[in-house]
Amino acid sequence: MQKVGIHGALYHIMKRLVSPTKNLYPGYLDFLLQKCMKCKALKPGKQVHALLLLTHISFNAKLVGMYASCGNVKSARLVFDEIPNPNVFAVNWMVLASAYNGDFEEAIGYFSLMRDSMKSCNKFTFSIVLKPCVGLLDLKKGKQVHSIVNKMGFESDVSVANALIDMYCKCGHLSYGRRVFDKMVNRDVASWTSMICGYCNTGKIEEAMVLFERIRLEGLEPNDFTWNAMIAGYASRGDTNGAFEIFSRMTGHGLVPDLVTWNAMISGFTQSQRADEAFTLFRAMLVTGVKPNLVTVTGLLPACGLTGSIRRGREIQGWIHRMGLDINVFVGSALIDMYSKCGSVKDARNVFDMIYAKNVASWNAMIGCYGKHGMVDASMELFERMQEEGMQPNEVTFIAVLSACSHGDLVEKGLKIFRSMKETYGVEISKEHYACVVDMLCRSGKMVEAYELVRGMPIEITDSIAGAFFNGCKIHGRRDLAEMMAEERLTMDLKKPGAFVTLSNIYAADGEWHQVENLRNIMKEKNVHKKPGFSWVEKNDTFFEKK
DNA sequence: ATAGGGTTAG
């Protein structure tokens, strides 16, 4: 409606322009720019820009705002650079637009332009500049902004305080966030929700619940953001009952679960390995008429991988295609991983080649896929190519690469990479990396080396490390090393079901049943339980009706 | 004219 209005007004002005006898009022263009900004109408906005140039009228700060609100940072920057003394609106817009664009450093750079003349900051400036601080997870910068906020007396502004709470929580300092929250005199729903999100995202659902129940006592009503945060908190912890309880309370309050609610539920259940419930929820979502988006299917794909349902995975990819959506990095990596888990390297590679702007995770997923299927050479080749293309490997890359070496029996190469991780790539060695290398050494029968490595590890022995090692001992008949290790490390931490099972298998293979019994008793005493396995069944039902 | 909570890969 409003867009039609803008086009109509533009036509009117054009007509005036071609008849030189009539004047063009600057007020018209001003009004139009404002409209374009509000409606995020880039095309009419560009036309107004052209008219401004023709008539030599300059509304540069507003033009910056128009381009920025339309998400066209490049044009916004071009106009901005022409302004000799940009005002606070122009700067705020540039900070905001750069942050939206993911250029956090640049956003903070624009903020710094203003810092010398701090007086020109307004309350908007601070809530805006906290965005890139969160984007960079830069607590130090965030704290600096906080101190400027205090110095300039903006801490009593609810929006600024809320942004500070959010920043502290997201940068990992819940207690600072809580301090800001507690100091607030007037809180609104967003203040409560920001704090609740902080707790929910770090698994502190009990504390979130305490705040959640307090909201009403303060005379405020939780809104859909609040409900969704609580649901996501329970769901991502795998607490089905908790999530459903909030879910039904939400509907009891007359609120209808929206796309975000469903997405939170679905990805929460997938993350906690509850594939069937995730599928059921997805169907329920479709039944209620809420349309899925890329986030939905990104959350659902791991469930296909978990149950080996390649058919469902393919169906989802088909749906993405039919909806005319691009395969972004998130859904791309999820698809690669799903195909990998379902055994189709070819499909995985197809998806990999389709991702236009690959990120580390895309490369990791594909390298991992080749590794899992024993295609070491392809895996190594991709690892090389990734670096040639300027992509920095991260800790996950090395898990993929090392396990590929392990499965492909490339011990020397694997060890070389393992040793170069810290120095060459600056990546910390984690327990997962150790597990890969121990596995690699054991597979190739280098049991003494494996023994030395495990013994010298600066970290606690984990299930998979112990499992790989004891299994190696069993296969290569090194009960001596197994027992030495058991004495040295197992006694330190006894909650290792995997280790117990493999060790007891070693004894069982030699017919030493009294030792097996002995271990079983220790397991019982220490309350160590083996996780039950599950079967991989493909069901025939489909999600989407094909036309 | 500009600001503040929610869902996504390994």
Side-chain angles (χ1 to χ4, degrees), chain A residues 30-31 33-38 59 61-66 68-69 87-97 99 122-131 134 154 157-167 169-170 188-198 200-201 222-233 235-236 258-268 270-271 292-302 305 327-338 340 355 358-369 394-400 432:
Chain A
D30 184 49
F31 171 78
L33 260 189
Q34 224 155 293
K35 277 275 180 231
C36 294
M37 208 186 287
K38 209 172 175 185
F59 288 126
K62 248 181 204 157
L63 266 177
V64 170
M66 185 278 293
S69 70
N87 64 11
V88 62
F89 302 115
V91 177
N92 283 356
W93 269 121
M94 286 316 293
V95 178
L96 188 63
N122 60 17
K123 59 179 180 176
F124 296 96
T125 309
F126 298 106
S127 7
I128 292 172
V129 79
L130 284 167
K131 239 180 173 12
V134 171
F154 282 118
D157 185 272
V158 182
S159 297
V160 174
N162 291 352
L164 281 168
I165 295 172
D166 183 53
M167 182 275 295
C169 290
K170 289 199 176 129
D188 62 10
V189 191
S191 325
W192 291 89
T193 310
S194 301
M195 203 58 234
I196 286 173
C197 286
C200 285
N201 292 337
N223 62 14
D224 42 355
F225 283 82
T226 329
W227 289 103
N228 285 343
M230 289 301 297
I231 289 172
S236 59
D258 62 6
L259 180 60
V260 176
T261 318
W262 289 106
N263 287 353
M265 296 274 285
I266 291 170
S267 54
T270 334
Q271 272 165 25
N293 65 359
L294 281 183
V295 177
T296 322
V297 295
T298 306
L300 194 63
L301 280 168
I327 293 190
N328 66 17
V329 281
F330 290 111
V331 82
S333 303
L335 276 169
I336 293 173
D337 198 56
M338 178 277 296
S340 170
I355 307 175
K358 300 177 181 60
N359 68 2
V360 212
S362 328
W363 290 91
N364 291 352
M366 199 58 228
I367 292 173
C369 174
N394 66 6
E395 64 282 358
V396 184
T397 317
F398 286 99
I399 295 172
E432 283 89 359

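Residue numbering restarts at 1 for every chain, and letters A, B, ... go by the order of the sequence lines.
- What separates CH2 of A:Trp93 from C1' of B:dA1 is a distance of 7 Å, to the nearest Å.
- Looking at the side chain of A:Val260, the nearest of the listed nucleotides B:dT2, B:dA1, B:dG6 is B:dG6.
- Listed pair A:Gln271 / B:dT8 meets the phosphate criterion, a side-chain N or O lying under 4.0 Å from OP1 or OP2.
- To the nearest 0.5 Å, atom CG of residue A:Asp157 and atom CZ of residue A:Phe124 are 8.5 Å apart.
- When each of B:dT8, B:dA3, B:dT2 is scored by its nearest atom to the side-chain atoms of A:Ser159, the top-ranked nucleotide is B:dA3.
- Taking A:Ser69 as the reference, A:Met37, A:Trp93 meet the side-chain contact (heavy atoms from CB on, under 4.5 Å) condition, with sequence neighbours excluded.
- Shown here, B:dG5 is classed syn by the O4'-C1'-N9-C4 or O4'-C1'-N1-C2 angle, which is within 90° of 0.
- The CH2-C1' distance, from A:Trp363 to B:dG10, rounds to 15 Å in whole Å.
- Rounding to the nearest 0.5 Å places CG of A:Asn228 at 9.5 Å from CG of A:Leu259.
- Across all strands, A:Ala232 comes closer than 4.0 Å to no nucleic acid atom at all (heavy-atom distances).
- With distances taken from any side-chain atom of A:Cys197 to the nucleotides B:dT7, B:dG5, B:dA1, the minimum falls on B:dG5.
- With centroids closer than 5.5 Å and planes inclined by less than 30 degrees as the test, A:Phe330 and the base of B:dT8 pass as a stacked pair.
- In this structure, of B:dA1, B:dA3, B:dT8, it is B:dT8 that holds the atom nearest to the side chain of A:Ser267.
- Nucleic acid contact for A:Asp188: base, since at least one base atom lies under 4.0 Å from a heavy atom of the residue.
- Taking the side chain of A:Val295 as heavy atoms from C-beta on, and the options B:dT2, B:dG6, B:dT7, the nearest nucleotide is B:dT7.
- Of the candidates B:dT8, B:dT2, B:dA3, the closest approach to any side-chain atom of A:Ser127 belongs to B:dA3.
- As judged by a 4.0 angstrom heavy-atom cut-off over every strand, A:Val91 is placed among residues making no nucleic acid contact.
- Rounded to whole Å, atom C1' of B:dT2 lies 12 Å from atom CD of A:Gln34.
- In this entry the distance linking CE of A:Met167 with P of B:dA3 reads 19 Å, nearest Å.
- The nearest pair of heavy atoms linking A:Ser333 to A:Ile355 is N-CD1, 4.3 Å.
- If you check every strand for non-hydrogen atoms under 4.0 Å, A:Asp224 touches nothing.
- Comparing atom distances between the A:Phe225 side chain and each of B:dA3, B:dT7, B:dG5 picks out B:dG5 as nearest.
- Per the geometry, CG belonging to A:Asp157 stands 13 Å off C1' belonging to B:dT2, to the nearest Å.
- Regarding A:Met265, its CE atom lies at a distance of 14 Å from the P atom of B:dT8, rounded to whole Å.
- Closest contact between the side chain of A:Lys170 and the listed nucleotides B:dT2, B:dG5, B:dA1 involves B:dG5.
- Comparing atom distances between the A:Asn394 side chain and each of B:dG5, B:dG10, B:dA1 picks out B:dG10 as nearest.
- For the pair A:Met338 CE and B:dG10 C1', the interatomic distance rounds to 15 Å; values are reported in whole Å.
- One can find a donor-acceptor pair under 3.5 Å joining the base of B:dG5 and the side-chain atoms of A:Thr193.
- A donor N or O paired with an acceptor N or O is not found under 3.5 Å between the base of B:dT8 and the side-chain atoms of A:Asn328.
- The side chain of A:Lys358 contributes no N or O atom lying less than 4.0 Å from OP1 or OP2 of B:dG10.
- Between the CG atom of A:Asn394 and the CG atom of A:Asn364 there is a distance of 5.0 Å, given to the nearest 0.5 Å.
- Checked by atom type, the side-chain pair A:Asp337/A:Ser340 shows no donor-acceptor distance below 3.5 Å.
- The base of B:dG6 has none of its N or O atoms less than 3.5 Å from a complementary donor or acceptor on the side chain of A:Asn263.
- Closest to the A:Val396 side chain, of the nucleotides B:dA1, B:dG5, B:dG10, is B:dG10.
- The nearest whole Å value for the distance from the CG atom in A:Leu294 to the P atom in B:dT8 is 14 Å.
- Partners of A:Lys131 by side chain to side chain donor-acceptor pair (under 3.5 Å), not counting sequence neighbours: none found.
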